[in-house]
Number of protein chains: 2
Amino acid sequence: MALPVAAVPLRADKIGNARPFLSLEGRQKLALIASLSRYDAGEVLFHEGDRATCILNIVSGVGKSYSFLPDGREVIQAFLFPNDLIGPLDGDYFISTVKAITPLVAYSLPLAALLQLLQSDPNLQWQFLTKACHELRLAQQHAIALSQNSAKQRLLMLLNLLRLHNEPLGAEASQIHLPMSRADIADYTGLAVETVSRALHQLQREGVIRLINPQCIEIMDQAIFTAALVSEG
Amino acid sequence: MALPVAAVPLRADKIGNARPFLSLEGRQKLALIASLSRYDAGEVLFHEGDRATCILNIVSGVGKSYSFLPDGREVIQAFLFPNDLIGPLDGDYFISTVKAITPLVAYSLPLAALLQLLQSDPNLQWQFLTKACHELRLAQQHAIALSQNSAKQRLLMLLNLLRLHNEPLGAEASQIHLPMSRADIADYTGLAVETVSRALHQLQREGVIRLINPQCIEIMDQAIFTAALVSEG
DNA sequence: CGCGGCGTTGATATTAATCAATACCCGTGG
DNA sequence: CCACGGGTATTGATTAATATCAACGCCGCG
C-alpha cells in the first residue's frame, strides 16, 4: 500500500520574523523547472489519493487543503497562501484534497526534477527542510488553538493568521480580509457556522473587532490579539 | 530577535507503513557525533527559551513537549517516543519545554556537528526532511482530531497513537500502555481530567475498551478504532 | 418577481467544564 | 501488620458553552 502523503504547505510567511521563502539563488534554480498554472475559484487542484507528479508554489490567490470525516463533514487542515508550497515531498500521493478559494495562480514544479535538484543541492534542500520545520510549528499552533475550547480564541487565532497574510497587500494593517466562507471558517476551527457568526458578533460587541462586511474585519483592540497568541517569540 | 524554534520531534514510527528512522548508513554517521544521556522521570530536558546546543534522539522512555497558556494551563504539543528527535533544526532556541514522563535515555547530537553533517550529506539530510514531512502529517492529524468536538473521539485518537508505539514492546497488540497521567492526557486532548475519566469509562460501558488499570487499557472492539482514524491510507 | 446561496438570529438540547467530594494506590512510619 | 498521608483517579451535582434545529434577512441573478 502506498504511503499516505499530506499536502505539505511550506509557508514562507513569518510569525514575527521575516522569512524569505527561498534565497534568490534558490528561486532561480527552481524557475528553470517551473511552469505557470491558473485555477478558477472553487476548482480542485488535487484530489485526495491523486498521484503526485508535481508540487505547486502559489503565486497569488488562496486555497484550502481538506479531508472528509467519516460522517461526511469537511475538515480543513490548512489555508494556503502565496508562497506556500503544496505537495508531498516524501511520497507519491496526496492525502488531502486541495481546492482554490479564490482564483489562483501557481508555479508547477515537476516532482522528479525537484527531487533531483534537492539531492544535488544541499543548500536548496536545507531551505525546504527549514520551511518544513516552520510549517510544523504552524500546525502545532493550530492544534494548540484548537485544544482551547473557546470559540472566540479559535477565531482570534484564525484572524491573526490571516492578518499575517494581509501585509503584502498594502491594505490597512488593521483590516483583515477573509477570502473564505463562514462554512470554511467553521471547518477550520471545528465550530458550527452559527457559532462562528455569534462569536464574531460577540467580539464586535466587546469592542475587539468591527465587522465591516462579511468578508472584511477591522481590528479595534490590538492587545486582545496578542493575548490570543500562544507562546510566540 | 531570535527565531522562535519548536521542539521538532521527527518520529520514526509509522501509520500503517514501516518507516525506519534512518538508514543504517545514516545511523552510523550520526553515531560518530553522538553521546548518551540519561534522565529521570519528571526531569526537564529543555526549557522553553533555552538555547539549543544539541538535539536528542530518544532511545528509550517517553517524554512530552509542552507550553503554558497565558492562564497557566499546560498544553502538550506532542508525546515523544523512542526514535523521536527533539530539537530545533532551523533555529537556536526551544519554543517548548520538554520533560521526561518515564526514565529516559537519549543520544545527544551536537547541533553544530549535525548541521555540518547534513550540509555535506544530501542523503542524510533527505532522511531528516522526510521525517519532518511525516511529523507534519502527525501534527495535522492531531489538529484534525482536536477539531472534532467529541471527548470520545479525541481519546480514541490518542489511544491509537499510543497503540502504534506499543508494538515494539512485544506486548499483546490489543493492550495499550499509558505511561502518562490523566492530567497529561487532558492537556494533550484539551479536555478536563474529569472528562477524560468519564469518557474512558463510557467507552468501557460501550464495550469498546476495558480498563485493566489506570495505566493499561485493552481494546475490545477494533472496528471502533479504525472508525476513529481520519483519512488514513 | 422569485429563487437560492449565504449569513445571521432565536430556542432548545447536549456536551463538557467546573466545583466538590470520595475512592484508590502506595510508600512511610507507628 | 496496620494507620496515615499525599498524590492520582473517579464520581456526583451544577453551570456554562456550543451544537442543533428552525426561521428569517440579505443579496445577486435569472
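Below, chain A is the first sequence line, B the second, and so on; all start at residue 1.
- One atom, CG of L178(A), and another, P of dG7(C), lie 10 Å apart when rounded to the nearest Å.
- One interatomic measurement links the two molecules: CG of L146(B) to C1' of dA16(C), which rounds to 15 Å at whole-angstrom precision.
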Show each protein N/O and nucleotides 12-18 of chain D N/O combination with a separation under 3.5 Å, one pair to a line.
residue: dG12(D); atom: N7; partner: R198(B); partner atom: NH1; Å: 2.9
residue: dG12(D); atom: O6; partner: R198(B); partner atom: NH2; Å: 3.2
residue: dA13(D); atom: N6; partner: R198(B); partner atom: NH2; Å: 3.4
residue: dT18(D); atom: OP1; partner: A151(A); partner atom: N; Å: 2.8

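- Listed by chain and number, the residues in a side-chain contact (heavy atoms from CB on, under 4.5 Å) with D40(A) are E43(A) (sequence neighbours excluded).
- Judged as a ring-ring contact (aromatic ring centres under 6.0 Å, His included), and not counting sequence neighbours, the contacts of Y66(B) are F68(B).
- H142(A) places no side-chain N or O within 3.5 Å of a backbone atom of A78(A) that could act as its donor or acceptor partner.
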Kindly list each side-chain donor-acceptor pair under 3.5 angstrom involving residues 182-191 of chain A, sequence neighbours excluded, with atom names and distances?
residue: R182(A); atom: NH1; partner: P214(A); partner atom: O; Å: 2.8
residue: R182(A); atom: NH2; partner: P214(A); partner atom: O; Å: 3.1
residue: D184(A); atom: OD1; partner: K64(A); partner atom: NZ; Å: 2.8
residue: T189(A); atom: OG1; partner: I185(A); partner atom: O; Å: 2.8
residue: T189(A); atom: OG1; partner: A186(A); partner atom: O; Å: 3.4

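- At whole-Å resolution of the value, CG in L211(B) and P in dC24(C) are 15 Å apart.
- In this entry the distance linking CG of L155(A) with P of dG7(C) reads 13 Å, nearest Å.
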Give me, pair by pair, the N or O atoms of the protein and of nucleotides 7-9 of chain D that are less than 3.5 Å apart, along with how far apart they are.
residue: dA9(D); atom: OP1; partner: R182(B); partner atom: N; Å: 3.3
residue: dA9(D); atom: OP2; partner: R182(B); partner atom: N; Å: 3.2

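- If you take CG of D184(A) and C1' of dC6(C), they are 12 Å apart, rounded to a whole angstrom.
- Scanning for side-chain contact (heavy atoms from CB on, under 4.5 Å) contacts around R51(B) gives D92(B), Y93(B), with sequence neighbours left out.
- Evaluation of the salt bridge (charged side-chain N to carboxylate O under 4.0 Å, His left out) test over residues 193-215 of chain A, restricted to residues two or more places apart or in two chains, returns K152(A)-E206(A), R210(A)-E218(A).
- Regarding N213(A), its CG atom lies at a distance of 13 Å from the C1' atom of dC6(C), rounded to whole Å.
- For S37(A), the side-chain contact (heavy atoms from CB on, under 4.5 Å) test picks out Y39(A), S108(A), with sequence neighbours left out.
- Every residue two or more places apart in sequence or in another chain that forms a side-chain contact (heavy atoms from CB on, under 4.5 Å) with V105(A) is listed here: L36(A), R38(A), V59(A), S60(A).
- Atom P of nucleotide dT14(C) and atom CD of Q148(B) are separated by 20 Å, given to the nearest angstrom.
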